[in-house]
2 protein chains.
Amino acid sequence: MTSPDPQIQDLQSQAGEAAGFLKQLANEKRLLILCRLAMGEATVGELCEVADLSQSAMSQHLAKMRSEKLVTGRKDGLQVHYSIADPRCVGILHHLKSQFCTAADALEGKA
Amino acid sequence: MTSPDPQIQDLQSQAGEAAGFLKQLANEKRLLILCRLAMGEATVGELCEVADLSQSAMSQHLAKMRSEKLVTGRKDGLQVHYSIADPRCVGILHHLKSQFCTAADALEGKA
DNA sequence: CTCCTGAATTAGTTGACACTAATTTAGAGA
DNA sequence: TCTCTAAATTAGTGTCAACTAATTCAGGAG
């Protein structure tokens with residue numbers, strides 16, 4: 001169904017690292033968080049609303065992504081403004097968009 | 001650290017689906033399996049060696065990916081030859097290669 | 001038929017994930 | 001100071017992921 005592609009062999013040696021990276025994104029809530037952050041900085045409170053999560057659950061997701069350097073927080077008074085720290089996040093977000101948001105999907109409400 | 005990108009908003013509605021897809025790839029063994037399959041068909045036995053997995057564990061990984069239509073098996077006598085069934089797998093494999101197999105990585109053994 | 005081999009399935013275990021609830025920390029204001 | 005608020009942390013819980021070991025299934029060879 002797909003033609004052989006020897007180029008991919010290089011990836012095998014990085015499979016562990018790549019899998020670790022993907023694990024962070026393989027969660028609907030974290031994906032929503034990153035989508036939001038791709039549009040610009042956001043506070044924890046804002047992210048809670050976007051992802052429909054409790055403050056605690058959100059904080060744990062952010063801690064996980066912070067520990068992997070995917071996002072960073074900028075403290076400003078009582079609030080913390082988060083943003084994407086790893087450009088690979090943006091890259092994969094775009095790739096996912098190209099595969100999951102096709103023209104057909106965009107017209108899903110058509111007659 | 002990254003400039004705002006409103007385009008990503010479309011992805012939010014597909015976050016669940018995308019996360020489900022990523023979950024399948026967010027595992028070193030399954031990534032190795034897919035890398036190998038990207039280079040062409042392989043039997044279960046071959047895949048066991050590539051990923052250093054027991055026959056049972058491999059079969060369970062393949063069953064999981066079969067259920068999501070990521071791979072398909074072609075029976076040939078006693079053996080089953082697997083191949084990639086979802087082109088999105090190939091797409092993301094290439095994307096990952098571009099992000100985890102940079103020129104710098106290729107020279108990691110340099111002086 | 002019996003036996004063997006490659007693969008799939010099932011049961012059971014272990015550890016990681018994702019939450020809630022409660023607590024703690026840190027900054028701003030009265 | 002006391003208090004309130006945003007966020008982080010901790011403890012505890014239920015669910016799911018990934019394996020091993022044992023079994024079953026299916027096809028070929030004798």
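Throughout, a chain's letter reflects where its sequence line sits, starting with A, and its residues are numbered from 1. What you see is a predicted model, and the numbers here were worked out from it, not measured in a lab.
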A:H95 (side chain) donor-acceptor with A:G91 (main chain) under 3.5 angstrom:
no
How close or far is atom C1' of C:dA8 from atom NE2 of B:H81, stated in whole angstroms?
16 Å
First encountered from the 5' end of DNA chain C, between A:K75 and A:K64:
A:K64
If only side-chain N and O atoms of B:N27 are considered, is one of them under 4.0 Å from the OP1 or OP2 phosphate oxygen of D:dA17?
no
Once you round it to whole Å, what is the distance between P of C:dG27 and CG of A:L78?
9 Å
Need to verify one output field. Residue with the more 5' nearest nucleotide on DNA chain C, B:L62 or A:A26?
B:L62
Taking only the side-chain heavy atoms of B:T43 (C-beta and beyond), determine which of D:dA7, C:dT20, C:dA7 contains the nearest atom.
C:dA7
When you measure from the side chain of A:R30, which nucleotide among C:dA18, D:dT5, D:dA22 comes out closest?
C:dA18
Nearest to the side chain of B:V44 - C:dG27, C:dA8, D:dC19?
C:dA8
Rounding to a whole Å, what distance do you find between A:R74:CZ and D:dA8:P?
14 Å
Just compare C:dA18, C:dA8, D:dC19 and give me whichever is closest to any side-chain atom of B:L53.
D:dC19
Touch class at under 4.0 angstrom, heavy-atom based, for A:Q55 against every strand present:
base
Nearest-neighbour nucleotide for the A:V80 side chain, D:dA7, C:dC17, C:dT20 considered
D:dA7
Is any side-chain heavy atom of B:N27 less than 4.5 Å from a side-chain heavy atom of B:L31?
no
So, OP1 or OP2 of D:dA17: does either fall under 4.0 Å of a side-chain N or O from B:H61?
no
B:D76 has an atom CG; how far is it from atom C1' of C:dA7, in whole Å?
13 Å
Ignoring the backbone of A:S59, work out which of C:dT20, D:dA7, C:dG27 is nearest its side chain.
D:dA7
What's the CE-P distance between A:M58 and C:dC17, to the nearest Å?
18 Å
Step by step, would you call B:Q14 with B:E17 a side chain to side chain contact (heavy atoms under 4.5 Å, CB included)?
CA-CA 5 Å; B:Q14 310 291 327; B:E17 202 185 335; 3.2 Å; yes
B:L70 side chain near B:I84 side chain, heavy-atom distance below 4.5 Å:
no
Rounded to whole Å, the CD-C1' distance (A:Q60 to D:dA11) equals 10 Å
Taking atom P of D:dA7 as reference, at what distance in whole Å does atom CZ of A:R66 sit?
12 Å
Would you say A:S54 reaches C:dT20's phosphate, i.e. side-chain N/O to OP1/OP2 under 4.0 Å?
yes
On DNA chain D, more 5' by nearest nucleotide between A:G45 and B:K23 is A:G45
So what does B:K29 hit on the nucleic acid, given a heavy-atom distance under 4.0 Å: a base, only sugar-phosphate, or nothing?
sugar-phosphate
Does the base of D:dA8 carry an N or O that pairs as donor and acceptor with the side chain of A:S56 under 3.5 Å?
no
In whole angstrom, what separates B:L32's CG from D:dA18's P?
13 Å
A:D52, CG: over 12 other non-hydrogen atoms inside 6.0 angstrom
no
Regarding B:R74 and B:Y82, do their side chains bring together a donor and an acceptor under 3.5 Å, going by distance alone?
no
Does D:dA6 have its OP1 or OP2 closer than 4.0 Å to a side-chain nitrogen or oxygen of A:Y82?
no
